Amino acid sequence: MKFMKLGSKPDSFQAEGNSISICIAGNEDFIQPLLAVVNIIDALTKLELLCNVKWFKRRDCSYVSDYLRKIEISSGLKLLLNACYSGFSPPIGYVATELATDIIVNVGDIKFYLHKFPLLSKSAHLQNLVTIANGESSDEVEISDIPGGSSAFEICAKYCYGMTVTLNAYNVVAARCAAEYLGMHETIEKGNLIYKIDVFLSSSIFHSWKDSIIVLQTTRSLLPLSEELKVTSHCIHAVATKACVDVSKVNWSYSYNRRKLPEENGNDPNFNGLRNRLVPKDWWVEDLCELEIGLYKRVLITIQTKGTLSDEVIGEGLKAYAYRRLPGFSKGMIQCGDAAKYRSTVDTIVCLLPAERGSVPCNFLLKILKAAIYVDLGDAIKGQLIRRIGQQLEEASVNDLLIHAGEGENMMYDVDAVKKMVEEFLMRDQIAEMESEEGHEVQEIRKPGILSDASKLMVAKLIDGYLAEIAKDPNLPLLKFVELAEMVSGISRPAHDALYRAVDMYLKEHPGISKSERKRICKLMDCKKLSVDACMHAVQNDRLPLRVVVQVLFFEQVRAAASSGSSTPDLPKSIRDLNNGSQRSSRSANTNTEGDWDAVATAEELKALKEEVASLRLANGRNGVDKAVNNKMRGMLKSKILTKLWSSKGEKGENSGSDSSESLGSANMEEAKSTPSRNIRHSVS
C-alpha cells in the first residue's frame, strides 16, 4: 500500500476520555528562544502570548524561529493576534511549567485543547471562527460538521504543528475533505496540506490498482464533498482505465479465484510446472466486488464506455458481483428477509447486462429472474429477462426453470413465465426483423429457421423434464400442462419416455380428472417412441386409458417383428383402426422409421422409470421375476385384450374402467364390462 509521511516532529497528542490535548515541557533549550519570541511580539503588538497558550510537547524549538519569521512578515496575522490577546507579561516562574492551550475545538463529542497560532497560520476557516469566538469572549469553536470527523481533524491539526502524519489509501480522502473544509489552501501558506494531498493522490494512489479501489470505497462516506472535489470521479477513471489495460501489461497484484484455472488444479495437460501463464481477461472482477453497488455501477459503465472489453468479460463481472453480494444467489434464491435491501443491487445488475446474446449464461439469467421476482422489480424487468432467457433457452436446466409462483397463486410454480420463454425461443425460428438499407423501415420477412435441430431437441427434452416436475403440483390445471407440452410437440424427439413419465406423474397426482381429460393428456405422447422399459411400465399402469395400453402393445409387437426380420403381424381391423386413428391424432408431424422406434431414452429418463418398475415388482412380490416371465405376462395381457376387442367387434359402448377415457371403435362395451382383462393390469401408485 502506498503512503506519504508529512512532518518530522514526534506525536504529542494526549487523549483523556473525550479530550485531546497537546503540551510541551519546559527546558532551557526551548524556553530561551521562546522568551525572545514573546518579547518581540509584546513589543510589536502589545500581545500577551503565553498566558493561556499551551503550544505542545517539544524537545527542540527550531519551529519557534519559523513562527517568528512568519509573524514578522505577516501584518494580517499580527492584527489577528492583536485581536486575540491582551496585556500579559509572562511570570518568571512559568518557564519551568507546561505551556497552556488557548483554544478548544469541539468536533462532535471530542474536545481538542490546542493553540491558536499554529492552527491559524494554516487554516482560513479557523481564522474566521476564532475572530467570531473572540467577539463573543469565548475560547471555544465548533466544527462538528467537518468531513471525516475527529480523526480527519486530528490529521490536519498535527500537520499544523509539524508532527509526523502518515497518509494512506484509508485516510487520504478524509484528510483531503477536512483540509478543504478548513481552508488549508495555497493562498494561506505555500505548499499547504491540500496541495500535498493532491500530489500524493495523482502521483501515487491513482497509479495503484488496489489503493484506487480502497480510496473509491472511502469516498462514499464523504459525499457530497468528495464528489465536488472530483476525487470520486478521478478514482473511477483510474480503476476503469486499469481494468481495460491489455492483460500483457498487468503487472500489479489483484485478487483472483485460482481454482478457476486448470493449471492451478493440476488439470492442465500442457502445464509444465512454470507459472508463466497469461493474466486472465477477467482478472479484475473479484476486486470490484468490494465496491458498493452505486460505485460499482459507475465503474462498470465507464469500462463499457471504453469499449475495450468483450461483453463476455463484462458478464463475468456481473456474475461475480451477484454471487458475492446476494446471499443465497448461488442456490437460486435470495436468503434474507429484507427484500428492499437488495432491490437496488438486482435492478442495477439487470440494467448493466450486455445486450449481446450469450454474454451471460442462461442459468445466471434465470437466477437473476428469480431474484427480481423476489425483490418485486415489476413486470417490465421480469418481461425483459424472460425474453433474454428465451433466446438461449437450450442452455437451461430443469431446476433453473422451477420458478416459484407469486403470492396469492394456488400453483407451486410460475408456468406462464416458462411458456413465454418457449414462445420467445420458437419465435427465433419463425420471423426475423430486417432493417431496409434504403428506406430504413423495419420489415417482417420469412427466412429459413436459425435454430439448429440440436437446440430444438434440447429444449424439447428440457420441457419434458419440466412437465414431470410441475405435474407433482396438485393445483396445476390440466390446460396449462397441455398447452406447454403442445408448444414443443412439433419438435421431433427420438424417445418419448420423459414425456410419458410427465403424463403418468400428472395422472398419479390428479386421480380425479375426467375421462376426456385423460384422453387429451395421453394424446401428447407418441407410443411408437417409448422404450422397452417404458412400454413394460405402461402395460402395467392402470392409470392409462385402455386405448393407450393397446397402442403400446401394438407398437411393441411391430418393433419386435421388425427386429426379428419377420413381417408386421396381421392384427384385427378394430385394432388397426384404433392405431390408425391414434396416428392421425399424433402431435408429431414426422414419419418415424424403424430407427426411431428403436431409439433409447437417456439414462436419466430411464432411471426414474426403472425405479417405478422395480417398486412395482416389489409390490407384487416378484423380486425374482426375470425377463422371460415378464414377456410371458405381457403376452398374456396382450392376448386377453386383443381377444376381447376382436370378439366385441361391431358393437358400441363405453369401457367402464375408471382409467379408460374413450370408446374403442366398434367394440361392444357392455361385453367389455364383464371381462377381467383390466384386472390383470397392476397399479403402480
Side-chain angles (χ1 to χ4, degrees), residues 2-13 22 33-34 36-37 40-41 44-45 47 49 53 55-56 58 60-84 103 105 112 114-131 141 143 146-148 152-168 171-207 215 225-226 228-231 234:
K2 305 289 185 180
F3 65 91
M4 179 178 70
K5 284 190 175 182
L6 300 175
S8 58
K9 309 303 179 184
D11 187 349
S12 300
F13 273 56
I22 303 177
L34 186 59
V37 173
I40 294 176
I41 293 177
L44 294 176
T45 63
L47 298 177
L49 182 61
V53 179
W55 285 85
F56 44 93
R58 293 290 182 188
D60 58 50
C61 52
S62 59
Y63 69 97
V64 176
S65 59
D66 295 335
Y67 286 143
L68 178 59
R69 186 162 52 253
K70 289 182 175 61
I71 293 173
E72 290 175 342
I73 63 175
S74 176
S75 58
L77 184 57
K78 289 179 184 178
L79 295 176
L80 179 62
L81 292 173
N82 189 42
C84 296
I103 184 174
V105 181
F112 288 84
L114 305 173
H115 312 87
K116 294 178 181 178
F117 186 69
L119 299 178
L120 303 184
S121 65
K122 290 181 172 61
S123 171
H125 185 54
L126 285 178
Q127 290 178 12
N128 296 331
L129 293 178
V130 168
T131 301
V141 295
I143 55 171
I146 183 172
F153 174 75
E154 184 175 339
I155 292 175
C156 296
K158 288 180 179 180
Y159 172 79
C160 292
Y161 281 107
M163 295 181 183
T164 301
V165 176
T166 302
L167 296 178
N168 54 45
N171 62 16
V172 65
V173 178
R176 175 64 178 85
C177 292
E180 184 71 25
Y181 175 89
L182 295 173
M184 303 177 74
H185 297 281
E186 289 282 279
T187 54
I188 302 300
E189 182 186 63
K190 188 175 182 180
N192 210 344
L193 183 58
I194 289 178
Y195 170 79
K196 292 179 179 177
I197 291 179
D198 286 344
V199 171
F200 176 55
L201 287 171
S202 59
S203 64
S204 183
I205 291 293
F206 295 153
H207 288 275
V215 168
L225 188 55
S226 60
E228 296 172 2
L229 299 177
K230 297 185 177 181
V231 177
H234 288 324

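Values in this document were obtained by computation on a predicted structure and should not be read as measured data.
To the nearest 0.5 Å, atoms CG (L6) and NZ (K158) are separated by 12.5 Å. L201 CG to K2 NZ: the interatomic distance, rounded to the nearest 0.5 Å, is 13.5 Å. We find the CG-CZ distance between L114 and F153 to be 5.5 Å, quoted to the nearest 0.5 Å. Taken to the nearest 0.5 Å, the CD1 atom of I197 stands 6.5 Å off from the CE atom of M4.
Taking the side-chain hydrogen bond (donor to acceptor under 3.5 Å, both in side chains) definition, one finds that D198 meets it with R176, sequence neighbours left out. Remark: K196 engages Y159 in a side-chain hydrogen bond (donor to acceptor under 3.5 Å, both in side chains) (not counting sequence neighbours). Scanning for side chain to side chain contact (heavy atoms under 4.5 Å, CB included) contacts around A179 gives C156, M184, L193, I194, with sequence neighbours left out. Partners of F206 according to the ring pair (Phe, Tyr, Trp, His ring centres under 6.0 Å) rule, which considers only residues two or more places apart in sequence or in another chain, do not exist here. By the ring pair (Phe, Tyr, Trp, His ring centres under 6.0 Å) test, H125 pairs with Y181, sequence neighbours left out. Under the side chain to side chain contact (heavy atoms under 4.5 Å, CB included) criterion, S202 pairs with no residue at all, not counting sequence neighbours.
Scanning both residues, L225 and C177, for their nearest heavy atoms gives CD2-O, 3.4 Å. Closest non-hydrogen pair, A178 versus P147, comes out as CB-O, 3.6 Å.
Checked against L129 for a side chain to side chain contact (heavy atoms under 4.5 Å, CB included), the options L119, L182, I143, L120 give a single hit: I143.
I155 has its side chain within reach of L167: a pair of non-hydrogen atoms, C-beta onward, lies under 4.5 Å apart.
The main-chain N or O of N171 is found under 3.5 Å from a side-chain atom of N168 such that the two form a donor-acceptor pair. In terms of modelled atom types and a separation under 3.5 Å, the side chain of N192 and the main chain of K122 share a donor-acceptor contact. Judged purely by atom type and a 3.5 angstrom limit, T164 uses its side chain to pair as donor or acceptor with the backbone of K9.
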